[in-house]
Amino acid sequence: MRPLVAAAMILCAGTQAVAGQIPVQKLAVQQAGTPGRVEIRKALPGEIKEVTTDLVSMTGPAKHVEAARQDSEVVWLFLGGKGSLKTKDKSYVLDGETIARAPLGWGWEIEVAKGEVLQALRVRKQITEADRAELKKFPENNAAPHVMKFSDCPKYGEAIKSKKTVSRTLLPENFVPRMAMGTVETTGPDVVGAHKHPMLEQLFLGLRDNDITVIADEAKANLTPFTLLHIPLGSMHGAEVAEGKKLHYVWMDFFATKEGQEWLKMHKPETPAKPAK
């Protein structure tokens with residue numbers, strides 16, 4: 001029997017709140033929902049121009065078909081659970097934290113078996129004609145999907161972080177025009193040094209066990225697991241993790257211009273990327 005698949009466009013539990021001047025929202029990540037159901041919930045709607053973020057929750061047996069689009073790029077951040085991912089003639093097994101991006105114009109099929117629950121943040125970014133021209137300059141980045149477990153993504157170093165911090169590049173530059181993603185992981189006591197970048201908008205997504213304080217100018221906010229936070233544009237910001245706690249989050253950079261990507265040169269590669277399986 002074909003499973004019933006429904007889509008509900010509703011706000012996450014703990015709807016958008018503001019801690020001082022830092023927009024932050026707790027995502028409604030559940031252990032299980034109604035079997036056969038796909039729920040799509042908006043996350044921090046309207047925060048960043050050209051960008052839409054949604055929490056997608058699937059309780060098996062369920063299937064979600066993401067139609068091919070020409071107006072925007074789509075990146076999936078799978079946060080937990082098991083399932084399968086298909087696009088054209090490519091198939092992938094999902095088991096744990098994984099990033100997935102298909103070339104522009106490719107659709108996705110995501111399936112979850114009975115008894116399984118899959119949670120993901122879908123990040124959709126509109127592209128311009130200038131972006132399309134940039135894509136053509138990097139054919140090697142757009143010949144096949146980019147699918148990797150977070151833990152397999154290449155490491156980089158950065159002056160504003162301690163030597164014990166592990167940083168990884170999830171989505172390198174020039175895959176999605178004017179966009180990049182990565183993770184930061186350490187244990188307390190530790191800090192990510194204060195810095196500012198007026199050339200880009202940035203989101204933080206707290207991963208499992210993350211419990212930190214994010215500081216932006218005079219404002220502070222607690223970033224907990226499965227919480228999405230928007231760094232105010234141009235603010236002097238950083239993060240602190242106390243003793244006995246963990247820092248582990250995804251950063252998402254959205255650049256206003258191609259030239260703004262020069263910021264990424266501060267990331268010094270430490271390991272090569274592992275090929276997708």
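From a predicted model like this one, the values you see are computed outputs, not experimental measurements.
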Novice: If you compare all heavy atoms of Ser72 against all heavy atoms of Arg69, which two are closest, and at what distance to 0.1 Å?
Specialist: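 Closest pair (atom of Ser72, atom of Arg69, distance): OG-NE, 2.9 Å.
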Novice: In terms of relative ring orientation, are Phe204 and His237 parallel, tilted or perpendicular, with 30° and 60° separating the classes?
Specialist: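 If you compare the ring of Phe204 with that of His237, the planes turn out perpendicular.
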Novice: Would you kindly confirm whether Phe175 and Val123 end up in one hydrophobic cluster when ILVMFWY residues are joined by side chain heavy atoms under 4.5 Å apart?
Specialist: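 Yes, Phe175 and Val123 fall within the same hydrophobic cluster.
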Novice: Would you say Trp106 and Trp108 are hydrophobically clustered, going by side-chain heavy atoms of ILVMFWY under 4.5 Å?
Specialist: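 Not linked; separate clusters.
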Novice: Can you tell if the side chain of Gln202 reaches within under 4.5 Å of the side chain of Leu233, non-hydrogen atoms only?
Specialist: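 No, every pair of side-chain atoms sits at 4.5 Å or beyond.
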Novice: Given the side-chain rings of Trp251 and Tyr249, with only the six-membered ring counted for Trp, is the space between their centroids under 6.0 Å?
Specialist: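 No, too far apart.
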Novice: Using modelled atom types and a 3.5 Å cut-off, is there a donor and acceptor pairing between side-chain atoms of His197 and backbone atoms of His195?
Specialist: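 The answer is no, because no donor-acceptor pair under 3.5 Å joins these two groups.
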Novice: For residues Met179 and Phe254, determine if any side-chain heavy atom of one lies less than 4.5 Å from a side-chain heavy atom of the other.
Specialist: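 With C-beta onward as the side chain, the pair touches.
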Novice: Check whether any side-chain heavy atom of His146 sits under 4.5 Å from a side-chain heavy atom of Pro172, and report yes or no.
Specialist: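 In contact.
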Novice: Write down the atom of Ala180, the atom of Glu173, and the distance for their closest heavy-atom approach.
Specialist: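 Where Ala180 meets Glu173 most closely, the heavy atoms are CB-N, 4.5 Å.
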Novice: With a 4.5 Å heavy-atom cut-off, do Lys220 and Val214 have their side chains touching?
Specialist: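 No, side chains not in contact.
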Novice: Linking I/L/V/M/F/W/Y whenever any side-chain heavy atoms sit under 4.5 Å apart, do Ile231 and Val192 land together?
Specialist: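 Yes; Val192 is reachable from Ile231 via cluster members.
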Novice: If you take all heavy atoms of Cys153 and Ile99, which pair is closest and at what distance?
Specialist: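 Nearest heavy atoms, Cys153 then Ile99: SG-CG2, 4.5 Å.
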Novice: Would you say Met236 ends up clustered with Ile22 if hydrophobic residues are merged whenever their side chains have heavy atoms under 4.5 Å apart, either directly or through other cluster members?
Specialist: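 No, Ile22 and Met236 fall in different hydrophobic clusters.
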Novice: Under the side chain to side chain contact (heavy atoms under 4.5 Å, CB included) rule, what do Met58 and Glu116 come out as? Steps first, then yes or no, please.
Specialist: CA-CA 8 Å; Met58 302 177 61; Glu116 297 290 343; over 6 Å; no
Novice: Under 4.0 Å between a side-chain nitrogen and a carboxylate oxygen: does that hold for Arg208 and Glu97?
Specialist: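 Looking at Glu97 together with Arg208, the answer is no, because their closest N to O distance does not fall below 4.0 Å.
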Novice: Is Lys258 paired with Glu134 through a side-chain N to carboxylate O contact shorter than 4.0 Å?
Specialist: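 So Glu134 pairs with Lys258 through a salt bridge.
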Novice: Nearest 0.5 Å, what's the OG1-CD1 distance between Thr224 and Ile212?
Specialist: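 Here the interatomic distance stands at 9.5 Å.
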Novice: Does any non-hydrogen side-chain atom of Phe226 lie less than 4.5 Å from one of Asn210?
Specialist: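 When only atoms from C-beta onward are counted, Phe226 and Asn210 do not touch, as no gap falls below 4.5 Å.
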Novice: Can you find a side-chain donor-acceptor pair between Asp190 and Ser162 that sits under 3.5 Å?
Specialist: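 Their side chains do contain a donor-acceptor pair, which is all the 3.5 Å distance test asks for.
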Novice: Where do Glu39 and Arg37 land on the salt bridge (charged side-chain N to carboxylate O under 4.0 Å, His left out) test, with the steps shown first?
Specialist: CA-CA 6 Å; Glu39 295 186 4; Arg37 188 173 179 85; 3.1 Å; yes
Novice: Could you check whether Ser84 and Glu111, counting side-chain N and O atoms only, form a donor-acceptor pair closer than 3.5 Å?
Specialist: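 Absent: no donor and acceptor within the cut-off.
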Novice: Measuring only between side-chain heavy atoms, which start at C-beta, is Thr187 closer than 4.5 Å to Val241?
Specialist: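 Thr187 does not reach Val241 side chain to side chain.
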Novice: Do Val75 and Leu121 make a side-chain contact, defined as non-hydrogen atoms from C-beta onward lying under 4.5 Å apart?
Specialist: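 Side chain of Val75 against side chain of Leu121, heavy atoms only: no contact under 4.5 Å found.
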Novice: Which value, rounded to the nearest 0.5 Å, describes the distance between Met148 atom CE and Arg168 atom CZ?
Specialist: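 Taking CE in Met148 and CZ in Arg168, the distance rounds to 9.0 Å.
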Novice: Using every non-hydrogen atom in the two residues, find where Glu47 and His230 come nearest and quote the distance to one decimal.
Specialist: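 Scanning both residues, the minimum pair turns out to be OE1-ND1, 2.6 Å.
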Novice: Taking Thr53 for the side chain and Ala43 for the main chain, is one N or O donor matched with an acceptor at less than 3.5 Å?
Specialist: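 Here the side-chain-to-backbone pair exists.
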Novice: Please examine the side chains of Arg132 and Leu104, heavy atoms only from C-beta on, and report whether any two atoms are closer than 4.5 Å.
Specialist: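 The answer is yes; the side chains approach within 4.5 Å.
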Novice: Are more than 12 heavy atoms, taken from residues, nucleotides or ligands other than Glu218, located less than 6.0 Å from that residue's CD atom?
Specialist: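 Atom CD in Glu218 is not packed in, count stays at 12 or less.
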Novice: Evaluate the salt bridge (charged side-chain N to carboxylate O under 4.0 Å, His left out) criterion for residues Lys63 and Glu109: first the C-alpha distance (whole Å), next the side-chain angles of each, then the deciding distance (0.1 Å), finally the verdict.
Specialist: CA-CA 7 Å; Lys63 180 178 181 179; Glu109 289 186 8; 3.5 Å; yes
Novice: Without hydrogens or angle criteria, can the side chains of Asn142 and Lys137 be said to hold a donor-acceptor pair below 3.5 Å?
Specialist: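 Note: Asn142 and Lys137 side chains miss the donor-acceptor criterion.
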Novice: Is Glu73 salt-bridged to Arg124, cutoff N-O under 4.0 Å?
Specialist: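 No.
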Novice: Just verifying a value: how many Å separate Lys42 NZ and Ile40 CD1, rounded to the nearest 0.5 Å?
Specialist: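 Taking NZ in Lys42 and CD1 in Ile40, the distance rounds to 11.5 Å.
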Novice: Does Arg122 pair with Asp54 as a salt bridge, N-O distance under 4.0 Å?
Specialist: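 Yes, charged N to carboxylate O under 4.0 Å.
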Novice: Carefully, step by step, assess Lys246 and Asp211 under the rule salt bridge (charged side-chain N to carboxylate O under 4.0 Å, His left out).
Specialist: CA-CA 6 Å; Lys246 185 174 182 178; Asp211 187 0; over 6 Å; no
Novice: NZ of Lys136: more than 12 outside heavy atoms within 6.0 angstrom?
Specialist: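 No, NZ of Lys136 has 12 or fewer neighbouring heavy atoms, counting only those of other groups under 6.0 Å.
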Novice: Is there a path from Val117 to Val112 through hydrophobic residues (I, L, V, M, F, W, Y) whose side chains come within less than 4.5 Å of each other?
Specialist: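 No, Val117 does not connect to Val112 through the hydrophobic network.
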Novice: Can you tell me how far CG of Leu85 sits from OG of Ser91, rounded to the nearest 0.5 angstrom?
Specialist: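 Ser91 OG to Leu85 CG: 8.5 Å, rounded to 0.5 Å.
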Novice: CG of Leu44 to CG of Leu229: how many Å apart, nearest 0.5 Å?
Specialist: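 Taking CG in Leu44 and CG in Leu229, the distance rounds to 7.5 Å.
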Novice: Once you round to the nearest 0.5 Å, how far does NE2 of His248 lie from OG1 of Thr165?
Specialist: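 So the NE2 of His248 and the OG1 of Thr165 are separated by 11.5 Å.
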Novice: Any chance the side chains of Lys161 and Ser167 put a donor and an acceptor closer than 3.5 Å?
Specialist: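 There is such a pair between these side chains.
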Novice: Counting only N and O atoms by type, is there a donor-acceptor contact under 3.5 Å from the side chain of Lys26 to the main-chain atoms of Pro225?
Specialist: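 Pair found, side chain donor or acceptor close to backbone of Pro225.
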Novice: Please lay out, stage by stage, how Asp253 and Leu264 fare under the test side chain to side chain contact (heavy atoms under 4.5 Å, CB included).
Specialist: CA-CA 10 Å; Asp253 287 355; Leu264 295 172; 4.1 Å; yes
Novice: Does Thr87 reach the main-chain N or O of Gly107 with its side chain, forming a donor-acceptor pair under 3.5 Å?
Specialist: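 Yes, because the side chain of Thr87 sits within donor-acceptor range (under 3.5 Å) of the backbone of Gly107.
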Novice: Would Thr213 and Glu240 count as a side-chain hydrogen bond (donor to acceptor under 3.5 Å, both in side chains) if you check the C-alpha gap in whole Å, the side-chain angles of each, and the deciding distance to 0.1 Å?
Specialist: CA-CA 5 Å; Thr213 298; Glu240 299 177 350; 5.3 Å; no
Novice: In sequence, state the C-alpha distance, the side-chain angles, and the governing distance for Leu79 and Leu205, and then conclude on side chain to side chain contact (heavy atoms under 4.5 Å, CB included).
Specialist: CA-CA 10 Å; Leu79 305 176; Leu205 172 65; 3.8 Å; yes
Novice: Do you know the tightest heavy-atom contact between Pro177 and Gln261?
Specialist: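 So the two residues come closest at C-OE1, 4.4 Å.
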Novice: Could you walk me through whether Glu185 and Leu247 pass side chain to side chain contact (heavy atoms under 4.5 Å, CB included), step by step?
Specialist: CA-CA 5 Å; Glu185 184 176 7; Leu247 179 152; 5.6 Å; no
Novice: Quick check: closest heavy atoms across Leu118 and Gly83, and the distance to 0.1 Å?
Specialist: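 The pair with the smallest heavy-atom distance is CD1-N, 4.5 Å.
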